[in-house]
**Student:** 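This is the structure I have questions about; it appears just below.
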2 protein chains.
Amino acid sequence: MNTYVKHLPADERRAVTVEAVVELAGSQNPSEITTAAIAKHMNLTQGALFRHFPTKDAIWQAVMEWVAERLLARIDCAAQGIESPLAAMQAIFMSHVEFVAEHPGVPRMMFGELQRAEQTAPKRIVQTLIQRYGERLHRLIQEGKACGELSAALDTEAAATLFIGTIQGLVMQSLLAGNVERIRHDAPRVFAIYQRGIRSAQ
Amino acid sequence: MNTYVKHLPADERRAVTVEAVVELAGSQNPSEITTAAIAKHMNLTQGALFRHFPTKDAIWQAVMEWVAERLLARIDCAAQGIESPLAAMQAIFMSHVEFVAEHPGVPRMMFGELQRAEQTAPKRIVQTLIQRYGERLHRLIQEGKACGELSAALDTEAAATLFIGTIQGLVMQSLLAGNVERIRHDAPRVFAIYQRGIRSAQ
DNA sequence: GATAAGATAGTAATCGATTACTATCTTTTT
DNA sequence: AAAAAGATAGTAATCGATTACTATCTTATC
């Protein structure tokens, strides 16, 4: 149990705020998360939030930076030391799914940011994140083709698109079922089909 | 050019409202569509909307009914008369993608509805739609296995999940690129990988 | 068939509620 | 005692919804 303290240093308070938003997004529509709800969830008054963030958008920016940093670190860690490109892709997939299962609000926040018409700072962060994610996938797929694990005729871009879309599909199913745990259960089964679609014929 | 008329019968006005919402959702975040924006887009005052719909949620309900009706009709039509289950799945995929390309706001509205925490009427409609969609996919996949087109070892549920997720992934890519046309271009390439993942080895 | 009467559809103004954000005062920490 | 962090109590803007009133269309009556 975390001992409850009222006064926190600014950087810690910002960190707690980000965690509060990520948690809230797991159980409610990200676009409906108000500053009052954030404050309430972390036992703070609404006005106090603006001691640490100039605007609400700055809160979202911090949240998306947190997501980008954690997610990329996690998939890099998962792929580290794995020789086989296909096995590395599987490790990335599973670690990504694990991340999503731990923080089910994350993909919903990301999708919500991408929907925004204006080009905001948090939206740009999400775009950069997915771009970097895509670069890693591209590299692995190329390596997989080179070493013969993946079909030489494979469409690299389409394979990367399908990789990310597969996770998005899992999220959608969990929203439908209202059950986050389902993601962990479905992920290996869905990835098996994806893998069959990209690897070279034996 | 449609001749502009001020007074419309109630049912026509409701139909025009639904079309206005679908159009607006194609270019802006569905959750940020206000009743004022809807009215403005159809050259009407905001208050007049409530002569035809009791609440804003009733508008969303009508929109989602429109979507469910059109989408199911379109995929049923696409699959009609096709003997091969795999070819029928491809036809459904492509007609669904074509529908999305024509109405890019549709999948975003659907995803947005699913995100809502409360069990609203429009949310239920989306859930029913995807359930019926899933039933059709299940049937086709079973038939495909029976006739030997699809791998006998295929996980039916996972294949259905991946089918819908694949389209969701295409939508996400188009949001990233800010380019709807991209969906038409990517769809056949992505489906090719999916198909390779589910069909029986030659 | 003209016209009165009612029904239907739309306007403009406004309401209460909610939102992000701010100014001022108080408490805690160092 | 100074500075940082939080509480309290606001503000202005926006949203969905309602209201009183007007315009138009439909129908029944003579």
Side-chain angles (χ1 to χ4, degrees), chain A residues 2-21 24-25 28-64 109 112-113 115-118 120-123, chain B residues 2-21 24-25 28-64 109 112-113 115-118 120-123:
Chain A
N2 207 342
T3 45
Y4 167 76
V5 279
K6 209 170 192 180
H7 276 69
L8 285 182
D11 53 346
E12 284 184 33
R13 182 56 80 196
R14 279 193 293 270
V16 170
T17 306
V18 168
E19 284 169 27
V21 173
L24 281 173
Q28 72 176 268
N29 195 336
S31 71
E32 288 173 8
I33 295 176
T34 64
T35 52
I38 298 170
K40 187 180 179 185
H41 193 258
M42 53 196 285
N43 288 106
L44 199 72
T45 57
Q46 187 246 3
L49 279 180
F50 292 91
R51 285 244 173 265
H52 305 288
F53 297 94
T55 64
K56 190 190 183 186
D57 231 49
I59 298 179
W60 278 115
Q61 186 175 337
V63 171
M64 298 325 295
M109 290 188 296
E113 286 299 327
Q115 297 231 33
R116 289 164 72 159
E118 340 85 79
T120 61
K123 183 177 178 180
Chain B
N2 208 343
T3 45
Y4 167 78
V5 281
K6 209 171 193 179
H7 276 70
L8 284 183
D11 53 346
E12 285 185 32
R13 183 55 83 195
R14 280 192 293 270
V16 170
T17 306
V18 167
E19 284 169 27
V21 173
L24 281 174
Q28 70 177 273
N29 193 338
S31 71
E32 288 173 9
I33 296 176
T34 64
T35 53
I38 298 170
K40 188 180 179 184
H41 194 257
M42 53 196 286
N43 287 106
L44 199 72
T45 56
Q46 184 252 355
L49 281 180
F50 292 90
R51 291 254 168 259
H52 305 288
F53 297 94
T55 63
K56 190 190 182 186
D57 230 49
I59 298 179
W60 277 115
Q61 185 176 338
V63 171
M64 297 325 295
M109 290 188 296
E113 286 298 327
Q115 297 232 31
R116 288 163 72 160
E118 340 86 79
T120 61
K123 183 177 179 179

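Throughout, protein chains are lettered first and strands after them, A, B, ... in sequence-line order, and every chain is numbered starting at 1.
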**Student:** For the side chain of A:Pro9, starting at C-beta, report the closest nucleotide among C:dA9, C:dG10, D:dA5.
**Tutor:** D:dA5

**Student:** Measure from CH2 on A:Trp60 to C1' on C:dA20 and round the result to the nearest Å.
**Tutor:**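 To the nearest whole Å, that distance equals 14 Å.
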
**Student:** Is there any salt bridge (Lys or Arg N to Asp or Glu O under 4.0 Å) pair reaching into residues 47-64 of chain A, and which pairs are they, with sequence neighbours excluded?
**Tutor:** A:Asp57-A:Arg116

**Student:** A:Phe53 CZ to D:dG6 C1': how many Å, rounded?
**Tutor:** 15 Å

**Student:** D:dA4 P sits how many Å from A:Glu12 CD, rounded?
**Tutor:**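 Rounded to whole Å, this separation is 16 Å.
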
**Student:** Give, for atom CD of B:Gln115 and atom OG of A:Ser31, the distance between the pair rounded to the nearest 0.5 Å.
**Tutor:**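 One gets 7.5 Å once the value is rounded to the nearest 0.5 Å.
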
**Student:** Heavy atoms from C-beta onward define the side chain here; which of C:dA9, C:dT24, C:dT11 lies closest to that of B:Leu44?
**Tutor:**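 Side chain of B:Leu44 sits closest to C:dT11.
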
**Student:** Taking only nitrogen or oxygen atoms into account, show me every contact under 3.5 Å that the protein makes with nucleotides 12-19 of chain C, one pair per line with its distance.
**Tutor:**
none

**Student:** Can you measure from NE2 (B:His41) to CD1 (B:Ile33) and round to the nearest 0.5 angstrom?
**Tutor:**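 Answer rounded to 0.5 Å: 9.5 Å.
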
**Student:** About how many Å separate CG of B:Leu44 and OG1 of B:Thr35, when rounded to the nearest 0.5 Å?
**Tutor:** 11.0 Å

**Student:** Determine: side-chain N/O of B:His52 to OP1/OP2 of C:dG10, distance under 4.0 Å, yes or no.
**Tutor:** yes

**Student:** What is the distance, to the nearest angstrom, from the CZ atom on A:Phe50 to the C1' atom on C:dT24?
**Tutor:** 17 Å

**Student:** Can you tell me how far apart CD (A:Glu118) and CD (B:Glu32) are? Round to the nearest 0.5 Å.
**Tutor:** 5.5 Å

**Student:** Whole angstroms only, please: what is the CE-C1' distance between A:Met42 and D:dA5?
**Tutor:** 12 Å

**Student:** Do the side-chain N or O atoms of B:Arg13 get closer than 4.0 angstrom to the phosphate oxygens (OP1, OP2) of C:dT8?
**Tutor:**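 B:Arg13 to C:dT8 OP1/OP2: no side-chain N or O under 4.0 Å.
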
**Student:** Let me know, please, whether B:Thr55 or B:Arg51 comes out on the 5' side of the other along DNA chain D by nearest nucleotide.
**Tutor:**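 Nearest nucleotide further toward 5': that of B:Thr55.
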
**Student:** Taking atom CE of A:Met109 and atom CH2 of A:Trp60, what is their separation to the nearest 0.5 Å?
**Tutor:**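 Reported to 0.5 Å precision, the distance equals 6.0 Å.
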
